[in-house]
Structure formats: structure tokens, C-alpha cells
Enquirer: 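Right, I'll just put the structure down here and ask away after.
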Amino acid sequence: MSDPNASVSAAAPETVETETYRGSSLPPEASTEKPRSLWSDAWRELRSSKIFILSAILIFFFLIMTFFPNLLTFGKDPYTCDLKLSRQGPSSTAWFGYDNNGCDVYTRTIYGAKASILVGVFATAFAMLVGGFVGVIAGFFGGWVDSILSRVTDIFFGIPLLLGGILVLSSFPSTDNANLYSEVGKVVLALGILGWTSMTRIMRSSVIQVRNADFVIAARALGATSGRIIRKHVVPNSLAPLIVVATISLGGYIGAEATLSFLGLGLQPPVISWGTMINDAQPYIRVAPFMLFFPAIFLSVAVLSFIMLGDAVREALDPKLR
Amino acid sequence: MSEHLLDVDDLYVEFRTRDGVAEAINGVSYTLDAGETLAVLGESGSGKSVTAQTIMGILDMPPGFITGGRILYNGKDLLTMPESERQKIRGAEIAMIFQDSLSALNPVFTVGDQIAEMFQVHRGMSKKEGMAKAVDLMEQVRIPGAKERVKDYPHQFSGGMRQRIMIAMAISLDPKVLIADEPTTALDVTVQAQIMDLLQDLQRERNMGMILITHDLGVVAGVADKIAVMYAGRIVESANVWDLYAKPAHPYTQGLLDSMPRVDSKGEELYAIKGLPPSLLALPPGCNFNPRCPHRRDKCVHEVPPTEEVAEDHTAACFFWKEVARG
Amino acid sequence: MGRYTIRRLLQMIPVVIGTTFIIYAMVWALPGDPFVGKCGDRPCPASYIAEMRAKFNLDDSLPVQYGKYLWNLLQGNFGESFSGRTVWSEIAQAFPVTFRLALIAIIIEIVIGISAGVLAALNRGGFWDNLILVSTLIVISIPVFVIGFLAQFTFGIKLAWFPPTVGPNATIYELILPAFVLASLSLAYVARLMRGNLAENLRADYVRTATSKGLSRRRVIGRHAVRNSLIPVVTFIGADFGALLGGAIVTEGIFNIRGIGGLLYLSIRTREGATVVGVVTVLVLVFLLVNLLVDILYGAIDPRIRYE
């Protein structure tokens with residue numbers, strides 16, 4: 001149980017073990033084959049993971065809410081409100097009740113998914129691209145390039161996400177003709193500018209590991225250019241940790257957007273988001289808790305789905321846990 | 001039958017894993033007396049380490065399960081003993097040395113601290129007294145500058161020195177039985193010899209019984225009194241060193257000996273046992289060695305060979321041991 | 001050790017300068033009129049604007065403005081807000097409250113988080129393990145402000161175990177509920193991290209050695225396995241300190257605590273630029289110092305770390 005195949009002395013059983021090695025059908029180019037089999041192994045592992053299936057189904061529903069909200073609201077419009085219905089509780093006609101302006105909370109909750117999901121996806125993409133790029137450059141080239149980039153990363157890392165988000169957003173006050181995309185863009189920018197540093201750190205350390213791997217040294221010895229080595233060898237082999245962190249952060253960004261909107265700084269009305277709905281509901285928490293409850297549940301489940309997805313992906317990608 | 005210091009009697013251990021039940025040990029028996037060295041020889045997965053871990057009581061349970069047998073220490077069965085009683089024996093009377101001293105020593109405590117802990121826990125000494133004992137012991141295992149180095153951490157020692165620390169810790173309370181699980185595998189060849197010498201000296205001085213687990217026939221020759229060869233969780237042959245080397249009665253032992261490089265075999269190709277060790281999840285029926293055996297007959301595939309007496313204190317589990325022994 | 005600390009402190013200087021510059025630039029140099037709403041509904045009189053522009057050096061170029069600010073800062077002068085109070089006095093008043101809140105939160109985080117993690121790791125696959133895994137996952141998924149409202153509503157209003165809001169004195173008793181809310185997220189992470197580390201370490205070789213030394217299970221786990229598993233947890237708590245400070249803004253808002261977070265939030269809404277920059281500078285400094293402290297502590301609990 002505790003005999004690694006590697007360290008054996010020059011005695012008989014070594015022959016046996018060499019035989020073992022020769023006998024197994026390891027291809028000689030095993031190390032370059034590794035990424036493909038890692039991903040296909042991970043995919044096989046994922047398909048049998050209950051957590052993955054559950055989170056994938058939930059995320060599928062959130063995507064439907066994002067792109068085809070009217071499928072789930074039976075054609076109701078989130079902006080059609082009737083003040084007479086203000087703060088009426090849940091009923092068979094309005095499952096989640098009505099908010100202060102007499103708008104249907106169910107319809108608004110469904111429509112609220114769009115802003116949250118878009119912010120999450122784009123902020124993650126932004127942080128991944130910027131952070132990943134800086135991390136690859138810093139990790140691959142090392143030396144003074146690494147020193148400078150690491151200090152710059154430290155500077156941004158010194159500003160906590162929420163704190164920085166508040167600062168950036170308060171510097172860009174909403175204009176009167178705010179629409180969904182300009183509002184989302186603003187929040188994405190705020191979260192992305194502060195969120196990329198953690199991606200950089202992850203990417204940098206995994207690139208450093210891959211940089212010294214035999215197949216990279218071999219590629220360099222064969223005269224491959226840095227650009228080619230990065231594209232063909234380094235990036236594909238160091239991407240796994242970044243993907244895991246990115247999936248989990250996606251949930252985190254959705255939560256951060258809601259927090260900022262709740263503070264009145266993120267998305268602004270008339271844009272509907274779970275955060276703004278919770279902000280609207282806050283004064284009425286005693287008389288109409290359902291106004292806060294339903295968007296909060298949707299928000300939490302959305303965050304949960306992405307965290308679970310990230311967990312499942314991590315488990316699938318980490319051979320140690322298998 | 002006279003009472004032995006340690007008597008492993010018909011032990012069965014299995015691992016229940018996600019992929020099925022692995023039969024790691026299938027009826028292992030051996031005995032050890034004071035001052036005697038037993039070498040347990042076998043390749044990875046033969047069950048030699050699992051047997052040792054079962055004796056120590058450090059088997060991971062689950063997934064490990066002891067499904068049969070007894071382990072008598074001074075006539076008392078360790079396996080049925082209450083845990084509190086067993087704890088007193090563990091470390092103090094039966095001690096163990098592991099293969100990889102870097103991972104076997106706790107990285108965040110000084111080596112002195114880890115040796116002193118033995119005296120604190122088993123002898124109720126203070127930390128200070130324990131540390132003084134630790135210096136003594138480090139001198140006994142010939143660590144230069146023991147007084148200064150007692151407050152160093154494991155990673156600050158070389159592999160050989162670290163293995164000496166492991167040995168110092170194991171012998172600290174004068175155990176009656178010392179189990180050394182591949183004590184030199186992770187070391188350089190020159191250091192290997194020094195560690196084996198040290199172990200042998202300590203064993204003689206203290207009249208300990210020693211179980212030396214190894215896959216290295218070269219290590220065994222000079223040190224062991226008797227040898228048990230394990231294959232797929234069974235002892236396939238057991239004898240004193242000279243008989244085993246001179247007249248191997250099991251084809252597996254014979255294969256091991258033949259595949260050993262000799263001074264006079266220069267230029268010849270080394271013999272290798274054909275095939276692979278079997279998976280413990282699906283052992284071959286009959287004799288477990290049959291798929292790789294040059295002496296295989298039909299009988300080997302259908303029946304499990306009993307352990308037969310080949311000569312005095314020499315047993316082998318092969319139907320055709322006579323044919324094998326004739327060479 | 002001493003040299004290491006000095007080197008780290010020196011390394012902090014460019015980071016502090018860079019960070020405060022970014023914050024300064026975001027507050028003062030981004031588009032938007034800093035005088036909106038300063039004088040009620042009317043636009044401010046030209047004389048007031050001129051006076052204020054001079055006071056905050058707004059007519060200089062950005063680097064010069066920042067240089068002047070930094071120079072004052074080095075002399076311990078955080079400047080004045082538009083309302084004429086010194087920023088330092090505002091910080092000095094608010095900081096002790098937040099410090100107490102954060103301290104209680106960290107204690108909760110350490111005590112409950114680590115205990116829960118140990119409990120889960122020792123019962124892997126059992127009832128407690130699953131309970132802790134599921135409950136921490138839920139806590140991680142619910143944003144802090146929702147947890148805050150739920151806690152305030154349940155324990156403050158419905159059950160009335162704790163006061164729902166915190167008074168001006170901010171007593172320890174009043175701060176317990178907000179501290180729980182503030183700690184909740186980190187607590188969940190600490191519990192999961194501890195569980196993972198301990199579960200892995202329980203299978204480590206040196207734990208097997210400890211058992212084979214004849215130590216009791218209690219001693220094997222308590223002295224050998226837990227000690228090693230704490231190392232990454234300590235690092236996490238340090239790195240997470242920033243999130244705690246950010247979370248304080250939300251928590252202090254919900255429970256009406258007059259701490260640093262409340263001050264910062266108010267200053268941002270009223271566009272008190274000098275206060276915002278001052279507060280954030282202090283927070284960043286605290287964050288960096290805590291991280292330095294953690295790194296030094298890290299060396300104390302993990303001898304393999306060498307400070308060269």
C-alpha cells in the first residue's frame with residue numbers, strides 16, 4: 001500500500017515492477033495526451049454527479065428566465081401595475097403577491113433574473129479575460145515582468161470588492177435615460193475592475209507549475225515560440241483552476257450585484273433586478289415580508305447553483321478527490 | 001507449542017472499496033521470538049504492509065476490515081483487547097518505523113518534541129525530562145550534534161538523519177517488537193547500509209524481535225534470521241535465510257532469486273517473472289500465482305495449494321514443491 | 001524575522017500609494033459635479049465653490065492634487081469634510097465601534113467555524129457532516145444583506161432575543177447579532193476549509209505515526225491533525241479580512257450601527273470626498289497590516305516557512 005513504484009533498489013522486485021510498467025498500455029507520449037484525457041475524464045465524472053445535474057437544471061431554468069421570461073409569466077408584463085393591489089399577499093392569481101406599487105411580484109421576480117445573470121456572466125468573463133491574461137504573462141515570463149504585474153495586482157487586491165464597487169458606482173451616477181444595458185455595463189465594469197486580481201493569482205500560480213513541466217521544456221527545445229507555447233501548452237494545461245474559481249465567482253458576482261443594488265448604487269429602476277426588488281421591499285419587511293422573501297429566494301438559489309456547479313467541476317477536475 | 005513473543009495466526013483482512021472487495025490478506029500466519037529478525041518479502045500489494053499495520057492497529061478501518069484470525073502478543077490477543085489496553089502496548093511494546101520519514105514525522109513539531117511525546121504520554125514525564133531523553137536517544141542513533149539539533153524540525157534533516165529520528169522515536173521506550181516497514185527504500189544506497197547496520201546493532205543490544213518488511217532481497221540477506229515470502233495476501237514460502245536461498249520450494253521465490261543480479265552473471269540477461277501481480281479485487285482461482293507460474297498444471301487453476309512442510313522450519317504453498325526444489 | 005517584517009513594510013509602501021491613488025482618482029477625478037446637492041436644492045454660490053475648490057486643490061492637475069493630499073496624510077492630516085469637521089475626528093469616533101464589531105465577528109468565525117469543521121471532519125459522511133455541509137452551502141449562497149434582514153426580523157423583532165438595532169453606545173450585547181451576520185459568510189468558509197483540511201490530514205502519514213506511538217485518539221487529533229489543519233485557515237481568515245470590512249458596510253447599514261461602514265456609506269451618498277478617501281485609506285492600511293500580521297503568524301505556526 002505504501003510502496004510507490006518509483007523508488008526501488010536494484011534488486012529482484014524491481015524487475016517485476018518494471019514488467020508491470022511495461023505491461024500497462026501507457027503510451028510513450030502520455031504527458032502530451034494528458035489535457036484531453038483530463039477533460040474527458042472530468043466530463044464523464046460530471047455526468048454522474050448528482051450535484052452537477054441539479055445545478056445544471058437550475059441554471060437552465062435561470063437561462064430561460066433570462067432570455068424568454070414571457071414563457072414563464074404567461075405573457076404578463078412586469079411594468080403593468082395596479083396601485084389598488086398594493087402589498088396584497090400571495091393568492092391564486094398572484095402567486096408571490098403584489099409589491100408596493102401593485103406590481104405582480106412573481107412576474108417581476110422572473111424578469112429580474114435577466115439583469116442578475118447578465119451581470120454575473122459578463123463580470124466573470126471580464127475578470128477571467130483580464131485576470132487570466134495578466135496571470136499568464138506574469139507566470140510565464142517571470143522576472144521583472146512578474147514583479148511589476150504582481151505589485152499592480154496587489155494594489156487592486158488591496159481594495160475589497162464591495163468597498164471598491166461602491167466607490168466606482170458612486171462615481172458613475174445613473175443618468176435619467178438609464179437602460180438595462182448601460183446599467184448592467186456599469187456594474188460589470190465595477191465588479192470586473194476589482195475582481196480580476198483573484199483570477200490573476202490563481203492563473204499565475206498554475207502557469208508557473210506548468211511552465212516547468214517536461215512537455216513545455218521539450219516544446220521550447222524544439223524551437224517553439226513563446227506565443228505558441230503559451231497557446232498550445234501552457235494555457236490548456238493551467239486553465240482548470242481558473243474555470244473552477246470563475247464558476248464559483250459567477251455566483252459571488254450575482255450576490256455582489258444584488259448587494260450593490262440593495263445599497264441603491266448598482267442597478268437603478270426602471271431596471272428590474274432581485275437586488276432592487278429587495279431594496280424596494282426593505283421598508284415593508286414587517287407588513288409584507290413576501291415582497292422580500294421571493295426575490296431573495298431566487299437570488300440565493302441562483303448563487304447556490306453556480307457555487308454547486310463550481311464545486312462539481314472542481315471535484316471532477318481534481319484527480320486527488322476521485 | 002511454546003509461546004512466542006508475537007504470533008500472527010491465520011489473519012484475514014479485506015478492503016471494501018467502491019469498486020469491490022479487495023482481499024488483501026488471506027490467512028497469513030507467522031511467529032516472532034525475542035532477538036529474532038523476520039523478513040517479510042513481497043512486491044507492492046502483496047499484503048506485507050497491511051499485516052504490519054494490522055499488528056500495530058493503525059489500519060484504516062473502514063475501508064479495512066479484519067475478517068478472521070488472531071494476533072497474540074505474549075499470549076494475549078491484540079485484536080480482542082480493549083482499545084485502552086492496546087494503546088499502552090502500541091509504541092511502548094510494539095513500535096514501528098515507516099518508509100517515508102519526511103511525511104511520517106509531523107512537520108510542525110521539533111523532532112525532540114516528537115520523541116519526548118513518547119515519554120510524556122507513556123511514562124508521565126515532564127516535557128523537560130522528555131527532551132533530555134530525546135537527546136540521549138538521538139545520540140544512541142548516532143546523530144551528530146544531538147543536543148543542538150533536538151530543537152530542529154524534520155525538514156531540516158537529511159533523509160538518512162530523519163530516518164534515524166524515526167528509529168530513535170520507535171526504540172525510545174524499549175519496545176519488545178520493532179516493525180520496520182521498508183525502512184531504507186527512500187534512501188540512497190550508502191545510507192541504506194548505515195541504517196540497516198544501526199537497526200541490527202540496536203536489535204542485538206536490546207534483544208528486540210524485529211519484523212523487517214521489504215521488497216529488496218539484498219537488504220534481507222545479511223540481517224534476517226528467517227524469511228516469509230508473501231504473494232497476493234498469502235505467505236507462499238517461509239524458511240530460515242540459508243534454506244530459502246539454497247533451496248527455494250515455491251516458483252515465485254525461485255523467480256525472485258533468479259531475477260537478482262549476481263556478480264558472476266555479468267553480460268547475461270536478467271531473468272524476469274512473466275506477467276503482472278494479480279488484482280486483489282479479482283484474484284485468480286486456485287493458486288494465485290498460477291497465471292505466472294512456469295510449473296502450472298490443471299490442478300493449480302482449480303485448487304488452492306495447502307501450506308506443506310518442505311523441511312524442518314521450511315514451508316511452501318505449492319503442489320509441486322518437490323519438482324521446484326529439485327530445480 | 002525583524003528584517004522580513006521591515007522588508008514587508010517597505011513593500012507595502014508602493015501598494016498603499018497605488019491603492020490610495022486609485023481611490024483618490026475615483027473620488028475626485030471622475031465625471032460628476034462634487035457640489036451637487038451641497039447647498040440644498042439651489043446650485044451653490046460661485047464664491048462657495050471657489051473657496052471649496054481651493055480648499056481641496058481641485059484646480060490642480062490630478063497628480064499634484066494627490067501629492068498634496070499624500071503630503072498632508074503623512075503629517076497625520078486627513079483633511080476636512082465639506083461640513084468642516086476633520087476627517088480624522090470622524091474616523092476616530094467611528095472606528096472603535098467597527099473594531100469591536102469585527103473582533104466579535106472574527107471570534108465567532110474562529111470558534112464556531114473551526115469547531116463545526118472539526119465536527120464535520122470527524123463524522124465524515126455522517127449526520128453532522130451533512131448538516132454542516134448543507135447549512136454552510138446555504139449560508140454561502142444567501143447574500144449578507146438577506147441574512148441580515150432575516151436575522152433582524154427573526155431574532156430582533158419576532159423572538160426579541162437581541163435588540164433589532166444598535167444604539168449610539170454599541171454595547172457588546174447589542175453587537176452580537178450584527179456580528180453573527182457579519183461573520184456568517186466567513187464562518188461558512190472556515191468550517192468548510194477546516195473540514196477539508198482535517199479530513200485530508202487525518203489520512204496523513206504523520207497522523208498514522210502518532211497513532212502508532214500509542215497516543216490517545218484525542219491527542220492524535222487535537223495535537224497532531226488539528227494543528228496542521230489550522231495553517232491554511234489562518235491564512236484564509238487574514239485574506240478574508242477585506243471582505244469583512246466590506247461586509248461591515250451592509251451590516252452596519254441594516255443594524256444602524258454608527259461605525260466605519262456607516263460613515264463611509266453616508267459619505268458616499270453625500271459626496272463627502274475627503275471623508276471617503278480618508279476612510280478607505282484607513283481600511284486599506286488595516287487590511288494590509290492584518291495580512292502582514294497573518295503572514296508573520298503563519299511562520300510561527302508552520303516552521304517550514306522561512307523568512308529569507
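Proteins come first, then strands; the chains are lettered A, B, ... in the order of their sequence lines, and each starts at number 1.
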Enquirer: Heavy-atom count check: over 12 atoms from other residues, nucleotides or ligands less than 6.0 Å from A:Phe293 CZ?
Expert: no
Enquirer: Where does C:Ile254 contact chain A at under 4.5 Å (heavy atoms): side chain, backbone, both or neither?
Expert: side chain
Enquirer: I'd like to verify something: which residue of C:Pro143, C:Pro14, C:Ala248, C:Gly253 has the highest number of heavy-atom pairs under 4.5 Å with chain A?
Expert: C:Pro143
Enquirer: Between C:Phe153, C:Phe21, C:Phe149, who has the most heavy-atom pairs with chain A when the cutoff is under 4.5 Å?
Expert: C:Phe149
Enquirer: Within the 4.5 Å heavy-atom criterion, are C:Ile22 and A:Phe156 side-chain neighbours or not?
Expert: yes
Enquirer: I need the minimum non-hydrogen distance between C:Ser141 and A:Ile307, along with the two atoms involved.
Expert: OG-CD1, 4.3 Å
Enquirer: Less than 4.5 Å to any heavy atom of chain C: does that hold for the side chain of A:Leu292, its backbone, both, or neither?
Expert: side chain
Enquirer: Using heavy-atom distances under 4.5 Å, tell me whether C:Leu264 contacts chain A through its side chain, its backbone, both, or neither.
Expert: side chain
Enquirer: Please state whether the side chain, the backbone, both or neither of C:Leu244 comes within less than 4.5 Å of a heavy atom of chain A.
Expert: neither
Enquirer: Roughly how far apart are A:Ser300 OG and C:Leu137 CG, rounded to 0.5 Å?
Expert: 11.0 Å
Enquirer: Does the plane of the ring in A:Phe262 sit parallel, tilted or perpendicular to the ring in C:Phe145? Use 30° and 60° as the thresholds.
Expert: parallel
Enquirer: Give me the atom names and distance for the closest heavy-atom approach of C:Gly18 to A:Ile155.
Expert: C-CG2, 3.5 Å
Enquirer: Checking C:Phe287 against chain A: side chain, backbone, both or neither under 4.5 Å from a heavy atom?
Expert: side chain
Enquirer: Quick one, A:Thr259 and C:Val144 - any side-chain contact, counting heavy atoms below 4.5 Å?
Expert: no
